[in-house]
Amino acid sequence: MKKLQTLFLAWQDIDSRSWFTIGKLTYDGKQYQFVYTQGVKEAENQCQFQPLYSFPDFNKVYTSIHLFPVFANRLMSPSRPDYTNFIQWLNINPTEDDPLEILARSGGERETDSLAVFPCPEPDENGLYQLYFFANGLRHLPKCAIERINNFVPNEKLWLAHEFQNPYDNKALTLNTEDHHIVGYCPRYLRSEIFDLTWNNPSSVTLEVERVNLSPTPLQFRLLCHITAVCKNDFQPFSSSEYQPLTVDNLVNVG
């Protein structure tokens, strides 16, 4: 039986630049299901978020045997000549290029909208949570930081730091090297989860370089990082209210 796969959908308000978790996509090997999460009400109340065209009702659960267009349109076509390079950037085995795995690694962001996706991790056989993400904000870094990134080796250790004096974002978590270079930022969706873990038990989280994709790879795919977290006391990532479904009934089959 195929293991349930779960992705969250996030939306950014273009005016405030705030991110909200608005939906949850699951796949059981036969059927996809999408439901809005409680975070969408916060987006609606604070930033007048309107339902997506593909999912016009906040209070319904949508099902399909096909991946919904809002997600499928974020995948690169395997027929493109640069598809093989793209899969290598993500550090995914070409024989395991599952659509949801690709979305989980790439983030699925496009210039034409303000949506992104991220995975909900499950503990492995050792009770560890494994997360992969691309470092954010590299376009804002000085040239020396990019040169430092280009010289990384796999499994090189990184550290997280809270950049509370950042005038643009006082909740930012920076990625730092042992020799004190800032080499990017932790994605917003990971902040609260990782911050709580490191605050309570710093040794429970390990951050390493997974892969560096050299130029001409776009900066958004330059530095792939890997977080391993030891979660004790029945810790469940992404379990707060904003990630919980708005409803569990009123099924709508869209194909």
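- Remark: the backbone N or O of Asp57 is not paired with any side-chain donor or acceptor of Tyr36 at under 3.5 angstrom.
- With sequence neighbours left out, the ring-ring contact (aromatic ring centres under 6.0 Å, His included) criterion links Phe68 to Phe55.
- Atom CD of Glu156 and atom CD1 of Ile149 lie 11.0 Å apart (nearest 0.5 Å).
- Note: Glu96 CD to Ile102 CD1 = 11.5 Å, rounded to the nearest 0.5 Å.
- By the side-chain hydrogen bond (donor to acceptor under 3.5 Å, both in side chains) test, Asn150 is found to be paired with Arg222, residues two or more places apart in sequence or in another chain being considered.
- Expressed to the nearest 0.5 Å, how far CZ of Arg188 lies from CZ of Phe20 amounts to 11.0 Å.
- With sequence neighbours left out, Asp179 forms a salt bridge (charged side-chain N to carboxylate O under 4.0 Å, His left out) with Arg148.
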Name the atoms and distances for all side-chain donor-acceptor pairs under 3.5 Å in residues 134-147, with sequence neighbours left out.
| unit_1 | atom_1 | unit_2 | atom_2 | d |
| --- | --- | --- | --- | --- |
| Asn136 | ND2 | Phe134 | O | 3.1 |

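- Separating the CD atom in Glu210 from the CG atom in Leu90 is a distance of 11.5 Å, to the nearest 0.5 Å.
- Using a 30° and 60° split on the angle between ring planes, Tyr27 and Tyr32 fall in the parallel class, below 30°.
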- Message: As a quick check of understanding, evaluate side-chain contact (heavy atoms from CB on, under 4.5 Å) for Leu175 and Ile182, giving each step before the final call.
- Response: CA-CA 6 Å; Leu175 311 176; Ile182 293 177; over 6 Å; no

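- Remark: Thr37 engages Thr21, Lys24 in a side-chain contact (heavy atoms from CB on, under 4.5 Å) (not counting sequence neighbours).
- Taken to the nearest 0.5 Å, the CD atom of Gln38 stands 6.0 Å off from the CG atom of Leu246.
- Between the side chains of Gln5 and Asp98, at least one donor N or O sits under 3.5 Å from an acceptor N or O.
- In this structure Ser114 satisfies the side-chain hydrogen bond (donor to acceptor under 3.5 Å, both in side chains) test with no other residue, sequence neighbours excluded.
- With hydrogens and angles ignored, the 3.5 Å screen pairs a side-chain donor or acceptor of Gln244 with a backbone N or O of Ser240.
- With sequence neighbours excluded, no residue forms a side-chain hydrogen bond (donor to acceptor under 3.5 Å, both in side chains) with Asp15.
- For Glu109, there are no salt bridge (charged side-chain N to carboxylate O under 4.0 Å, His left out) partners, not counting sequence neighbours.
- Here Ala104 pairs with Leu7, Pro119 under the side-chain contact (heavy atoms from CB on, under 4.5 Å) rule; sequence neighbours left out.
- Remark: side-chain polar atoms of Asp28 are not paired, donor with acceptor, to backbone N or O of Thr26 under 3.5 angstrom.
- Residue-environment remark: CD1 (Ile14) stays at or below the threshold of 12 foreign heavy atoms within 6.0 Å.
- In this structure a side-chain-to-backbone donor-acceptor pair under 3.5 Å is missing from Arg211 to Asn91.
- Checked against ring-ring contact (aromatic ring centres under 6.0 Å, His included), Tyr132 has the following partners two or more places apart in sequence or in another chain: His226.
- When atom types are taken as modelled, the side chain of Ser77 and the backbone of Ser79 share a donor-acceptor pair closer than 3.5 angstrom.
- Evaluation of the side-chain hydrogen bond (donor to acceptor under 3.5 Å, both in side chains) rule for Asn93 yields Thr95 as partners, not counting sequence neighbours.
- Two rings, from Phe221 and Phe86, have their centers less than 6.0 Å apart.
- Applying the ring pair (Phe, Tyr, Trp, His ring centres under 6.0 Å) test to residues at least two apart or on different chains, none of the pairs has a partner in residues 91-115.
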